[in-house]
Amino acid sequence: MGSYLVSLQPKKKFMSIQLSDQEMFRRNALEEMRNLGIEPYPAETYAINATSKEILEKFPNDNSLYQDISIAGRIMTRRIMGAAAFAEIQDSSGRIQLYFKRDDICPGEDKTMYNTVFKRLLDIGDIIGIKGYAFYTQMGELTIHVREYKVLCKSLKPLPVVKEKDDVVFDAFSDPEQRYRQRYVDLIVNPEVRDIFIKRTRIVNSMREFLNRGGYLEVETPVLQPLYGGAAARPFKTHHNTLDMPLYLRIANELYLKRLIVGGFDGVYEFSKDFRNEGMDRFHNPEFTQMELYVAYKDYEWMMNLVEEMVEKIALDVYGSTIIRVGENDIDFKRPWQRFTMFEAIEHFTSIDISMMEETELVAVATKFGVNVDASMGKGKLIDEIFGEKCEPYLIQPTFITDYPVEMSPLAKKHRSKAGLVERFEAICNGKEICNSFSELNDPIDQRQRFESQLELGKRGDQESMVLDEDFLRALEYGMPPTAGLGIGIDRLSMIITNSPSIQEVLFFPQMRPEVIEAHVSDSANPFQDTVVPEAWASILVKLGIGSPSALREANINKLFNDLNGMRKKMKLDVAALKIEELKTWVE
RNA sequence: CUCUCCGUAGCUCAGUUGGCAGAGCAAAUGACUCUUAAUCAUUGGGUCGAUGGUUCGAAUCCAUCCGGGGAGACCA
């Protein structure tokens, strides 16, 4: 700890103020273990030969099994009755009860491993390995009788203790902020959360298996792109130092995959993390996952059949059924799904046929339905808005919507028979789009014109209009076979299939504003020595992770103000509360 | 960006019309050899998200800010 910090508070007091009593007890237990010659963080392998799940499944059928178990897990509950005790450990497959008996753990005179280590120095949250045998208690619960145990990891932070009886959960760890920020805790104490993520992986595995079986090649394309394209969205912009040029994080990988079709692959797909610099809500995270697939010599009709088949298989692989309960509804993914053209869908829900309307009439209809209309909207956008307002939310069962206005689909091929439309479909399910697909536009001259009309929309103020990609056009000029393309949102699909109401529930680490975490300050000089920042506050800045004057200048001043005073209060510092005016003088 | 709800002990939550911060679980100490939200006894622990204001007095009222949830705007 640097000298300027020592002058602030003596180290001992400094530390004890920040740790709760429970954390202090655990640190003391750690020391005591070491004094007893027990290493709380041993290095060597702990060999296991069973999991809680397989014991619970197989022992009831054959009581001769599991008489020499080695198993490891985290202590989740303990019920101690003097010389005997029950505990539960949780491993990756679930929980199982343990029975500890003093004279079995400690057959000799020395009862330390039971009386001191087990009863006093171990806590809920610690990870132990045990050896023993399976049996039934008098109450009939399958339990492991522990012969010996070993400390594998001492936990220094108290875990939230969630209890359950008759399927009623008590004191659930439920605060969304804490659950998302400390997902590891969420995963430890909320088994249904881990189940969601297991299902998500199964969905991805099932899809990949389906695609590989179809003979499509899984590929990787750039995340950092000099031009962003393939979707209508605003990008994240970054900078490459050596090239000294801006680069964008991809908003889609469509244009790269189509270059590969030009290059002669018949079918390529990629699970891609895409990034869109837009609002965040229940359905949008700045980074999200999409699977894009392009198949040569196919069209959108063919792709619709593929989507139905693929999603039906996923439902069957995950649940063994095509029917999934989602919120209030039972959604059935069984083929075939209902198909509507966009105009049919609008007519179905509004009884108005807008298929022949001009822009001014569409504006009137849109306004009537409460759509916010502005000058940047073209005809296609208006139709799309009307659909989004009056149809999409009401489509619960999986439904294909086909034949979109050309203005909204600059990468899709013109409809073979309907003027002004393109060969495009979306699958809508539970009121939300889950995929988007079209017969890909492979006429390079038409494609150039579409890009140019996108530039027009950009001039009208549409911030999401696409940019013109000359290299992509060059690729098309060499010739791309007729191709069907698909983008399917993995997060959206996972939400539906796991019955999760928000995207945060299907992302391990959803995007959040940064949290204040006190950094451990090591011995170093005051980085604010040559500034107007007082020494007392400088140490707090370092603890908040702000280690240089430039970092200070980049910080959000209101948040910093809040955080600094928060730390002052928490650490009971003997300095006056910081005024925002004073803070402002630091960054000037 | 707007509206709205929320922020109190490690966790889940109470806190009346402003009047000395409460409970359950968790923790500590002790008792208890088949418990299971184990039980019984005793004990410690929070300055109420931050700042400023009103007041004799603020967790409580007001303003601004920080963080989160929900709805909307925006957005495939």
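Model, not experiment: these values are computed from the prediction.
One interatomic measurement links the two molecules: CD1 of I96(A) to P of U35(B), which rounds to 18 Å at whole-angstrom precision. Atom CD1 in I144(A) sits about 19 Å away from atom P in U35(B), given to the nearest Å. Computed from coordinates, the D21(A) CG to C11(B) C1' distance equals 14 Å when rounded to whole Å. Residue L98(A) contributes atom CG, which lies 16 Å from atom C1' of A38(B) at whole-angstrom precision. Atom CD of E23(A) is separated from atom C1' of A9(B) by 13 Å (rounded to the nearest Å). Taking atom CZ of residue F170(A) and atom C1' of nucleotide A23(B), one finds them 15 Å apart after rounding to whole Å. As rounded to whole Å, 18 Å separates atom P of U36(B) from atom CG of D167(A). Across the protein-nucleic acid pair, K157(A) atom NZ and C11(B) atom P stand 9 Å apart, rounded to whole Å.
Rounded to a whole angstrom, the distance from the P atom of C61(B) to that of U36(B) is 44 Å. One P atom belongs to A27(B), the other to G22(B), and the distance between them is 23 Å to the nearest Å. Across the C1' atoms, G24(B) and U8(B) are found 15 Å apart, a figure rounded to whole Å. Across the C1' atoms, G10(B) and G19(B) are found 30 Å apart, a figure rounded to whole Å. Distance check on atom P: G30(B) versus C13(B) gives 33 Å, rounded to whole Å. Distance noted for atom C1' between A9(B) and A26(B): 10 Å (whole Å). Comparing the C1' positions of G49(B) and C5(B) gives an interatomic distance of 16 Å, to the nearest angstrom. If you take atom C1' in U47(B) and the same atom in C40(B), they sit 33 Å apart, rounded to whole Å.
Contacts of A85(A) with the nucleic acid, taken as non-hydrogen atoms under 4.0 Å apart, are absent. Nucleic acid contact for F135(A): base, since at least one base atom lies under 4.0 Å from a heavy atom of the residue. Among the heavy atoms of the strands lying under 4.0 Å from E433(A) is at least one base atom, whether or not backbone atoms are also near. The residue I80(A) sits close to a base: some heavy atom pair falls under 4.0 Å. Nucleic acid contact class of Q97(A) (heavy atoms, under 4.0 Å, all strands): base.
Between Y133(A) and H145(A), the angle of the ring planes stays under 30°, which puts this pair in the parallel group of the 30/60° scheme.
Put simply, the side chain of Q22(A) and the base of A26(B) share a donor and an acceptor less than 3.5 Å apart.
Contact check, K163(A) against A26(B): a side-chain N or O comes under 4.0 Å of OP1 or OP2. Under 4.0 angstrom from either OP1 or OP2 of A38(B) there lies at least one side-chain N or O belonging to R79(A).
Contacts between residues 99-121 of chain A and RNA chain B, defined by a heavy-atom separation below 4.0 Å, involve Y99(A), K101(A), D103(A), R120(A), listed by number.
Along RNA chain B, the nucleotide closest to L578(A) and the one closest to A83(A) are compared, and the more 5′ of them pairs with A83(A). Each of D123(A) and A84(A) has a nearest nucleotide on RNA chain B; the 5'-most of these lies closest to D123(A).
The nucleotide C61(B) finds its pairing partner in G53(B), both defining distances of the Watson-Crick or G-U wobble pair being shorter than 3.5 Å. Pair check for A23(B) finds U12(B); Watson-Crick or G-U wobble, both atom distances under 3.5 Å. Using Watson-Crick or G-U wobble geometry with both donor-acceptor distances under 3.5 Å, U39(B) finds its partner in A31(B). Across the strands present, U2(B) finds its partner in A71(B); the criterion is a Watson-Crick or G-U wobble pair with both atom distances under 3.5 angstrom. Pair assignment for G7(B): C66(B), on the basis of Watson-Crick or G-U wobble contacts that are both within less than 3.5 Å.
One finds no salt bridge joining K53(A) and D91(A) here, because no Lys/Arg side-chain nitrogen approaches an Asp/Glu carboxylate oxygen to under 4.0 Å. A salt bridge links R424(A) with E426(A): at least one charged nitrogen is closer than 4.0 Å to a carboxylate oxygen. A salt bridge between K157(A) and E23(A) is present, with a side-chain N of the basic residue lying under 4.0 Å from a carboxylate O of the acidic one.
Contact record, A252(A) with A231(A): CB-CB, 4.0 Å, taken as the closest heavy-atom pair. Between Q504(A) and R282(A), the shortest heavy-atom contact is OE1-CA, 4.3 Å. The two residues S155(A) and D126(A) come nearest to each other via the heavy atoms N-OD1, 2.8 Å.
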* Footprint string (nucleotides 64-74 of chain B, 5' to 3'): B base within contact, S backbone only, - free, heavy atoms under 4.0 Å -> -BBSSSSS-SS

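Each of E141(A), E164(A), E88(A) was checked for a salt bridge (Lys or Arg N to Asp or Glu O under 4.0 Å) with R95(A), and the lone residue meeting it is E88(A).
Residue M24(A) holds its CE atom at 11.0 Å from CG of L156(A), rounded to the nearest 0.5 Å.
For the side-chain hydrogen bond (donor to acceptor under 3.5 Å, both in side chains) test, residues two or more places apart in sequence or in another chain that qualify with N190(A) are D186(A).
With distances taken from any side-chain atom of F173(A) to the nucleotides C11(B), A28(B), U33(B), the minimum falls on C11(B).
Because its NZ or CZ atom is not both nearer than 6.0 Å to the ring centre of F349(A) and within 45° of the ring axis, K390(A) does not count as a cation-pi partner of that residue.
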* Check the pair Y248(A), F236(A) against ring pair (Phe, Tyr, Trp, His ring centres under 6.0 Å), reporting the backbone distance first and the verdict last. => CA-CA 6 Å; Y248(A) 300 92; F236(A) 286 92; over 10 Å; no

